[in-house]
Protein chains: 2
Amino acid sequence: MNTRVSIQDVAQLAGVAVSTVSRVLNGYRDVSEETRAKVHRAVEQLGYRPNQAARTFRTGKTQSVSVLLPMIGTDFYNRLINGIDQGLAQRDYDAGLFPLLSPRRLERYRNPSAPPYNADGLILASLNPDRLFEGGKIPADLPTVLVDIAHTAYDSVTVDHVEGGYLAGRHLLERPAPTFVVMIEERFDTPFASGVFRERLRGFRRALEEGPVKLPKDHVVTVEFSWDGGRLAAQEILRRLDGPANIFATCDLLAQGLIDEFAHKGIKVGGEVRLVGYDDQPWAEAYGLSTVKQPIESMGGLAARLLLQRLERPTAEVTHRVLSPRLVVRESSRV
Amino acid sequence: MNTRVSIQDVAQLAGVAVSTVSRVLNGYRDVSEETRAKVHRAVEQLGYRPNQAARTFRTGKTQSVSVLLPMIGTDFYNRLINGIDQGLAQRDYDAGLFPLLSPRRLERYRNPSAPPYNADGLILASLNPDRLFEGGKIPADLPTVLVDIAHTAYDSVTVDHVEGGYLAGRHLLERPAPTFVVMIEERFDTPFASGVFRERLRGFRRALEEGPVKLPKDHVVTVEFSWDGGRLAAQEILRRLDGPANIFATCDLLAQGLIDEFAHKGIKVGGEVRLVGYDDQPWAEAYGLSTVKQPIESMGGLAARLLLQRLERPTAEVTHRVLSPRLVVRESSRV
DNA sequence: ATCGTTTCCGAAATCGTTTTTGTGCCTTGA
DNA sequence: TCAAGGCACAAAAACGATTTCGGAAACGAT
């Protein structure tokens, strides 16, 4: 007995036309105080709630955007979501989150009329639209901005991984020593963003080129994306080295594995063995891990603002914003 | 030039009526193979995509449900979301996540025509509908199921915290010793679920009643919901005791603080000082922490299935499902 | 008194689907 | 031969809002 009452009923009870009720409800002018009150009274009395589906149908607007992202629960996406949310809230927009929790979901969301696309705009986090939509267009030509990944055809906000690697490199080279890089194997068969680890390595190399130290091929250890990966890398490094070293792990998880394994072998990072990670995970501070911190919240907030802009002017020129990471120095890289 | 093409255009190109196109698209009978092919050809040629808003408007169905939850990023909500997602995917429903990231969002989501309620059903996680909607009804009378909280008026899935406390108590009392409980102060001014810590304590007390050991009033230490809270509790306990003890922490975070502080003082849990936590956080295993594990994924999956059922039969009787937690014994409580 | 302007409001068109109803035509069976 | 029924499709009526258009009344200025 709630969804049954329509704007018609309100109009009838108030003794006015539906158009008048609509005008009152949407705060338009051209309505006298008197009728406005009558309408409000009728609305109150009937407990009328506008049918949102009808409204969306007519206006084509939902006042909401969808955020598609590979997963949730990681520190990265938590911070990103918070940033997006704040950016959106400023302008009375709401965000629905649609994580690609399973291959099945991914398949479903390829359907252009899936629920996520029932929104005014779209934020794709770490998701390559070409791969996600298999070369097709964005469903319903939804205004879209990419975050944590770039694409010539869409607005995007990213942070510069090359620069992050460079920062790590410059820092470690304050004290020249044999250098190792521990990084992750990339897979290109998912619609997720990729190539970042290689970029970080590239930046690191660039820093090395400015100094006297070399990075031999076999000093780049490629492992799996796991804590165990880091431990294995530590064993590998110890096999190759006995003395001071500078180590760059292209993500904190690997750095953690390294630290734990070193500790197990009685080696404490910082001093002789210096280590820099990447990501600034929440536990990094407790671990005393030097690391490269990305402005993830800013990235999210900026993406939200870009989307809002695009909603206003759909045909404006595509913009790409590249944010800079920041080096956080802690004990693990002290000389 | 995509959203511009409607079912009309398809009908015209195919040389049939719109109703026929609709029948084809929805797989209804009463269409010959020949016209079916014609329509499909026209659809293909025009790149026609049905207007989802219109469809929703007409049918009143979206094939999606909304999940309202206090936050994301915690282990609890991660597991819950995974459970829900799996339960929903089985029947071709999609879930939009709407975390109450800020007080502002909470306020917005009180509006019955906010985007989250533009769905076929609603899952409220840890959220009390009375408080959330300030005594009002669920927006648009959306079929709703509650999870991690109960309410007489709605379907719900919860796990029994009293039972969890009881399990911890029975286990610790295998070896009688002075007993402490570390718990968290509750706040009732939020729309979030609450009272669970008290319930866990109640269950623990119930176990004690079956044995010879007493729980003195000042052996219940109430602290803040933080790692530091656990550390302070450890200090407090050490002040009161010198010898063996059984400790029940009503959540793992407190247990972690306890363990760390004890370690700092040279005391290792397990053996003399036995400890049981609650939640089975991801790190609990590495910590060797005995703890009470809730079947969170099951809870989510069950909630999803209940909602699906209710969507089919909106007037069916309200059901409440109470799941049982399970004790995971590890080193921290070995004798 | 006349003429414009403004203010307020109603009638009707409209959005793109789904669903109901109607209508010829073709079969079938008695 | 005729009634009954099924088939394939068309026509039109919803669904519930917003928006456009236009007209009556009220008002002020000439």
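Below, read A as the first sequence line, B as the second, and so on, with proteins coming before strands; counting in each chain starts at 1. Here the structure is a predicted model, which is why all the values come from computation and not from measurement.
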Taking NZ, NE, NH1 and NH2 as the nitrogens, is one of them in Arg91(A) or Glu312(A) under 4.0 Å from a carboxylate oxygen of the other?
-> yes
Would you mind reading off the distance between Asp30(A) atom CG and dA25(D) atom P, rounded to a whole angstrom?
-> 17 Å
Whole angstrom is fine here: how far is it from NZ in Lys38(B) over to P in dA8(D)?
-> 13 Å
Starting from C1' on dG16(D), measure out to CD on Gln52(A) and report it in whole angstrom.
-> 12 Å
Anything under 30° is parallel, anything over 60° is perpendicular, the rest tilted; go ahead and classify Phe57(A) against Phe57(B).
-> parallel
Asp94(A)/Arg108(B) ion pair, N-O < 4.0 Å = yes
Hey, is Arg310(A) close enough to Asp120(A) for a salt bridge, meaning N to O under 4.0 Å?
-> no
Quick one: is Asn51(B) getting a side-chain N or O under 4.0 Å of the dC15(C) phosphate, OP1 or OP2?
-> no
Looking only at side chains, do Ser22(B) and Ser19(B) share a donor and an acceptor under 3.5 Å apart?
-> no
Protein-nucleotide distance (Phe57(B), atom CZ; dC15(C), atom C1'), rounded to Å = 9 Å
With distance as the sole criterion, is a donor-acceptor pair present between the side chains of Ser64(A) and Thr62(A) under 3.5 Å?
-> yes
What is the distance, rounded to the nearest whole Å, between atom CD of Gln8(A) and atom C1' of dC15(D)?
-> 11 Å
Would you call Arg110(B) and Glu107(B) a salt bridge, using N to O less than 4.0 angstrom?
-> yes
Using a heavy-atom cut-off of under 4.0 Å over every strand shown, decide if Ser22(B) touches base, sugar-phosphate, or nothing.
-> base
Are Glu33(A) and Arg36(A) close enough for a salt bridge, meaning some N to O gap below 4.0 Å?
-> yes
Is there any protein nitrogen or oxygen under 3.5 Å from a nitrogen or oxygen in nucleotides 22-27 of chain C, and what are the pairs?
none

Which whole-number value in Å describes the distance from Asn26(B) CG to dG16(C) C1'?
-> 13 Å
Look at the side-chain N and O atoms of Thr56(A) and state whether any lies under 4.0 Å from the OP1 or OP2 oxygen of dA17(D).
-> no
Val31(B) side-chain proximity, nearest of dC9(D), dC9(C), dT18(D) | dC9(D)
Is the shortest distance from a Lys or Arg side-chain nitrogen in Asp141(A) or Arg4(B) to a carboxylate oxygen in the other one below 4.0 Å?
-> no
To the nearest Å, how far apart are Glu34(A) CD and dC8(C) P?
-> 11 Å
Both distances under 3.5 Å, Watson-Crick or G-U wobble: report the partner of dT19(C), or none.
-> dA12(D)
With the threshold set at 4.0 Å, does a side-chain nitrogen-carboxylate oxygen contact exist between Arg41(B) and Glu44(B)?
-> no
Classify the side chain of Arg58(A) versus the base of dT18(D) as yes if they form a donor-acceptor pair under 3.5 Å and no if they do not.
-> yes
Whole-Å distance, Lys61(B) NZ to dC15(D) P, equals 16 Å
Examine dT19(D): is either OP1 or OP2 under 4.0 Å from a nitrogen or oxygen in the side chain of Tyr28(A)? Give yes or no.
-> yes
DNA chain D contacts among residues 11-21 of chain B, heavy-atom distance under 4.0 Å = Gly15(B), Val16(B), Ala17(B), Ser19(B), Thr20(B)
Do the side chain of Arg55(B) and the base of dT17(C) come within less than 3.5 angstrom through a donor-acceptor pair of N or O atoms?
-> no
Nucleotide nearest Ser32(B) when distance is taken to its side chain, options dG16(C), dA8(D), dT17(C) | dA8(D)
Establish whether the base of dG10(C) is bridged to the side chain of Arg23(A) by a donor-acceptor pair shorter than 3.5 Å.
-> yes
